[in-house]
Amino acid sequence: MPELPEVETIARGLAKRITGDVIESVWLGSKPEPLKSPAAQIEAALQSKKISGVRRSGKHIVFDLQAPGTKGSAAQWIVHLGMTGRLLVCSPDQETEKHTHAVLRLESGREVRFVDPRRFGRLAVVENFTPPGAEPLNTSAEQFATLFRGRKTPIKSALLNQKLLSGVGNIYADEALFRAGVRPRRRAASLNREEFARLHKGLQQVLKEAIRLGGSSISDYVDSNGEEGFFQLKHRVYGREGLPCRRCKTPIKRVVIAGRSSHYCPKCQK
DNA sequence: ACTATTTCCTGGATGC
DNA sequence: TGCATCCAGGAAATAG
């Protein structure tokens, strides 16, 4: 499941490999298209544009485009990977996988392919992308605590709310709460200053460490090279129901909050 | 203005 | 072995 660290890894890989390349042709696939912009608009915006950069914003991958021979930004191609989306850079000879929904042919002779079996991913073209919420890694402890002021919803749900924080998903929300020693069901507004400080620090630490290890490969996540990440080996609670807590050996619990499984240590988290 | 719930979608795991 | 059912979850839509 691509969350901030996985999306960051993919965006960095893409930036390294295709920055400066030019989109020669665009193919958009099939029936119920996972598009947020009309297909014709996406095709027109991408056709013959130079990719001046690729970066992450929240869980979105932003491709900055330029009209050939100009300096200013033309538009941005926005890709959200959903649950199972992948962006791959490959040779045209490579067999096209099932569930390939978009292919960009580049002047260098390579292709960028968007593959997404579960179709939760989204493609769009915009002028000036702004994420709906704050970037977790660029948010001060004070700003962070302010986001949750007066919220009655469980802290786990608040962390997943992209309008508050952009980029945190189920894995890193659980991991950050473990590091902070806070149970996922706690009402957001009930956390005290120290708990917010620990959560802010824990979240930034876990995101940074996960980026360092290339993200978590749980189901089918791979980066733009097809490489898996390694952070899943470091998970302290996510996916560890019934297994001993790495800190105190108490079995990890799993509960469902707002329809999402949430993992925590009943002894280490209050 | 919030919050909670449902829906979308497919492949893999599980159960009988 | 085969078929049905369940489950994973990001975010938009819907309901309260």
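To find a chain, count down the sequence lines: A is the first, B the second, and so on, and within it residues start at 1.
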Applying salt bridge (Lys or Arg N to Asp or Glu O under 4.0 Å), name anything that partners [X], two or more places apart in sequence or on another chain.
X: E111(A); answer: R113(A)
X: R198(A); answer: none
X: E209(A); answer: none
X: R17(A); answer: none

**Request:** Assign Y238(A) to base, sugar-phosphate, or nothing according to its heavy-atom contacts below 4.0 angstrom with the strands shown.
**Result:**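 Y238(A): backbone/sugar contact only, no base atoms under 4.0 Å.
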**Prompt:** Reckon R254(A) touches a base, only the sugar-phosphate, or nothing at all at heavy-atom distances under 4.0 Å?
**Reply:**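 Since only primed, P, OP1 and OP2 atoms lie under 4.0 Å of R254(A), the category is sugar-phosphate.
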Do any side-chain atoms of residues 37-44 of chain A form donor-acceptor pairs under 3.5 angstrom with protein atoms, and if so which ones, sequence neighbours left out?
{"from": "S37(A)", "atom 1": "OG", "to": "V125(A)", "atom 2": "N", "distance (Å)": "2.9"}

Polar atoms only, N or O, under 3.5 Å: list the protein pairs with nucleotides 2-4 of chain B and their distances.
{"from": "dT3(B)", "atom 1": "OP1", "to": "K152(A)", "atom 2": "N", "distance (Å)": "2.8"}
{"from": "dT3(B)", "atom 1": "OP2", "to": "R151(A)", "atom 2": "NH1", "distance (Å)": "2.9"}
{"from": "dA4(B)", "atom 1": "OP2", "to": "T153(A)", "atom 2": "OG1", "distance (Å)": "2.8"}

**Request:** Ignoring backbone atoms, test whether K98(A) places a side-chain nitrogen or oxygen under 4.0 Å from the OP1 or OP2 oxygen of dT10(B).
**Result:**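 No, no such contact exists.
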**Message:** I'd like to know if the side chain of R183(A) and the backbone of Q269(A) have a donor-acceptor N/O pair within less than 3.5 Å.
**Reply:**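 Pair found, side chain donor or acceptor close to backbone of Q269(A).
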**Asked** With distance as the sole test, does H101(A) use its side chain to make a donor-acceptor pair with the main-chain N or O of H99(A) at under 3.5 Å?
**Response**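 Between the backbone of H99(A) and the side chain of H101(A) there is a qualifying donor-acceptor contact (under 3.5 Å).
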How many Å lie between [atom1] on [X] and [atom2] on [N], as a whole number?
X: R118(A); N: dT7(B); atom1: CZ; atom2: P; value: 18 Å
X: R260(A); N: dC8(B); atom1: CZ; atom2: C1'; value: 11 Å
X: R119(A); N: dG11(B); atom1: CZ; atom2: P; value: 11 Å

**Prompt:** Any salt bridge (Lys or Arg N to Asp or Glu O under 4.0 Å) pairs touching residues 243-265 of chain A, not counting sequence neighbours?
**Reply:**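 Only E241(A)-R254(A) qualify under salt bridge (Lys or Arg N to Asp or Glu O under 4.0 Å).
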**Any pair counted as salt bridge (Lys or Arg N to Asp or Glu O under 4.0 Å), so long as it reaches residues 52-65 of chain A, sequence neighbours left out** =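 Every pair satisfying salt bridge (Lys or Arg N to Asp or Glu O under 4.0 Å) with a residue in residues 52-65 of chain A: E8(A)-R56(A), R55(A)-D64(A), R56(A)-E135(A).
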**Span of DNA chain C, from the first to the last nucleotide whose atoms fall under 4.0 Å of chain A heavy atoms** =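 Answer, 5' to 3': dA8(C) to dA12(C).
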**Request:** Can you run down the ring-ring contact (aromatic ring centres under 6.0 Å, His included) pairs that involve residues 187-215 of chain A, sequence neighbours left out, and say none if there aren't any?
**Result:**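 Listed once each, the pairs are F144(A)-H200(A), F148(A)-F196(A).
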**Asked** Which residue pairs pass the side chain to side chain donor-acceptor pair (under 3.5 Å) test when at least one of the two sits in residues 161-177 of chain A, sequence neighbours left out?
**Response**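 Listed by first then second residue: E6(A)-Y172(A), K156(A)-N170(A), K156(A)-D174(A), Y172(A)-S216(A), D174(A)-H263(A), E175(A)-R179(A).
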**Request:** Take the C1' atoms of the five end pairs on each side of the helix from dC2(B)-dG16(C) to dC16(B)-dG2(C), derive the two axes, and give their angle rounded to 10 degrees.
**Result:**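 About 50° separates the two local helix axes.
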